[in-house]
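In listed order, ligands and their atoms are each counted from 1.
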Amino acid sequence: MTRQVNYSPGLDGVIAAETKLSFLDTIHSEIVIQGYDLIRLSENNDYLDIVFLLLHERFPSSEEKRIQEQTLKDEYDVPEDILKILKLLPEKTHPMDGLRTGISALAGYDAQINDRSLTVNKKRAYTLLGKVPNIVANSYRVLNKQDVVPPKKDLSYSANFYYMITGKVPSAIEEKIFDQSLLLYSEHEMPNSTFTARVIASTQSDLYGALTGAVASLKGSLHGGANEAVMYMLLEAGSVEKFKQLLKQKLASKEKIMGFGHRVYMKKMDPRALIMKKALKQLCDSKGDDLLYKMCEAGEVVMEREKGLYPNLDYYAAPVYYMLGLPIEIYTPIFFSARTVGLCAHVVEQHANNRLFRPRVNYIGERHNPNVLSKP
Ligand SMILES: CC(=O)SCCNC(=O)CCNC(=O)[C@H](O)C(C)(C)COP(=O)(O)OP(=O)(O)OC[C@H]1O[C@@H](n2cnc3c(N)ncnc32)[C@H](O)[C@@H]1OP(=O)(O)O
Ligand SMILES: O=C([O-])CC(=O)C(=O)O
C-alpha cells in the first residue's frame, strides 16, 4: 500500500534534508551558517572566512587562512583546452551557459573522479573554488571577443576575481564591497540550485555534475537570473518617476517584479538586501551619483504599498554591481561563483550521509483498461 503524504506545490515548507550547514531562522531574523549569523559575519569577516567555515566547520587561524588562500591560488589556472572549448561556443551564448560548459568540462581533468570520499571531495571543492572565478570572468571575455585576463596572484581572492572580469585592480572600497557581496551570496540553506545539486549528488554522481546542474537552476529569472533582470529594469526606466510608473504598469499587467519576494522571507526584507542597500549608498556617495539609490528606494516604497512585497538580495546586488562597473551579463555567474562554496559543502554533506532522492507523485491522469481496445 502507498504511504500517504501531503502534496505541497513547489515543495513549499517541505523538509528535504538534514544539514549542519545553514538554516534561515525567520523568527530571529538570522541566516545561520554553521551556528553563526551570516549578517553579523558580513560586518567583520571576509568571503574566505566563510569558505573555511563551510568546509571545516570552524574559523581558520591566520596561518590556516594563509594556507587556504595559497591552495586556491595554486588552483587558479584553468586548462588551456577549456578556454579553447569556450571559444568554440556561438557568440550569443549567455555567460551562464559558458560557465555550465566550463564546469562540466573540468570533470575530465579529475584523475580521481570516482572517489567521493570526504578528503577528496573537499580537495575537489578547493579546485572548483580556485577555477570557477577564472571560468566566469574569462568565458565572458572570450564570448565578447576580449583577451583572456590571467589571474594576478598577488591580489586577494576577491580582488583577483574583480580584476579578471574588468582588467582593473579594484580600489579598497570596491574590493571590500565586492567581497561582501560574495560573502552574502555564499550559502543560503535549500534554494532550488542547492536542492538540484543534492538531488544529482544523491545518485552518487560527482561534484562537477552536481554543480553543472546547479548552474542551470541558478540561471532562471525566478532564482539567480533575477539580478540581471533587475538591472535591465532599472536601466529601462532611467529615472525615479519612470521607475515608479514602470513598476505600477508591470503590477497592473500581473507581471512578477524581479528582485522582490522570496519563498522563505515573503513578508519581510531579505536581511542580505539591507547590507547591499548600505553598500549601494556608500558607492553612490563615493562616486557622487545617487540616482540608482534613489530609484531603488522609490521602488521599495511602491512595492510595499501596492503588493506588501520586499526586496531580496538580487534587488540591491544588481545596482551595486553596476556601480562597481561590472558587465550585466556576468551578475548571475558572479552569484554562482560565490555560491560554489555552499554548493560544494552541500554535496560533500550529501555524499557523506547519502540516501537517493526519489519522491512520488499524485497521479491526476486517466486510467485505462488495457483489455478494452479503443476504437480507431
Ligand atoms: C537570491 C535569489 O535567488 S532570491 C529570488 C530572486 N527571484 C526574484 O526576484 C523573482 C521575483 N520573485 C518571484 O518570482 C517570487 O517571489 C519567488 C519565485 C522568489 C518566490 O516564489 P513563490 O514562493 O513560489 O511565491 P509565489 O510566486 O507563489 O507568490 C505568492 C504571491 O505573491 C506574488 N508575488 C511574489 N513575488 C512577486 C513579485 N516579485 N512580483 C509580483 N508579485 C509577486 C505572487 O503573484 C503571488 O500572488 P497571488 O497569491 O495573488 O497569486
Ligand atoms: O533561498 C532561495 O530560495 C534563493 C536565495 O535567496 C538564494 O539562493 O540566495
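- Contacts between R339 and ligand 2, counted as non-hydrogen atom pairs separated by less than 4.0 Å, involve the side chain only.
- Proximity to R272 (heavy-atom distance under 4.0 Å) selects the following atoms of ligand 2: 5 (C), 6 (O), 7 (C), 9 (O).
- Between K294 and E297, no side-chain nitrogen of the basic residue sits less than 4.0 Å from a carboxylate oxygen of the acidic one, so the salt-bridge criterion is not met.
- The shortest heavy-atom contact between L313 and M276 is CD1-CG, 3.6 Å.
- Counting heavy atoms closer than 4.0 Å to ligand 2, residue H223 contributes side-chain atoms (C-beta onward) but none from N, CA, C or O.
- Nearest heavy atom pair, residue G213 against residue I200, reads CA-CD1, 3.8 Å.
- Here the protein heavy atom with the shortest distance to atom 3 (O) of ligand 2 is P191 CB, 3.5 Å.
- Under the 30°/60° scheme for interplanar angles, the aromatic rings of Y185 and Y321 are found to be tilted.
- Every pair tested for salt bridge (Lys or Arg N to Asp or Glu O under 4.0 Å) that includes a residue from residues 309-327 fails, sequence neighbours excluded, so the list is empty.
- Between H188 and Y265, the angle of the ring planes lies from 30° to 60°, which puts this pair in the tilted group.
- Nearest protein heavy-atom neighbour of atom 1 (O) of ligand 2: H188 ND1, 2.8 Å.
- The contact shell of ligand 1, taken as protein residues with any non-hydrogen atom closer than 4.0 angstrom, comprises S221, L222, H223, G224, A226, E255, K256, I257, M258, G259, F260, G261, H262, R263, M266, K307, L309, N312, D314, F335.
- Summary of contacts: the protein heavy atom closest to atom 4 (C) of ligand 2 is H262 NE2, 3.5 Å.
- A salt bridge links K219 with D97: the distance from a Lys NZ or Arg NE/NH1/NH2 to an Asp or Glu carboxylate oxygen falls below 4.0 Å.
- At a threshold of 4.0 Å, the pair E349-R198 counts as salt-bridged, since one of the basic side-chain nitrogens sits closer than that to a carboxylate oxygen.
- No salt bridge links D179 with K176; every basic N to acidic carboxylate O contact stays at or beyond 4.0 Å.
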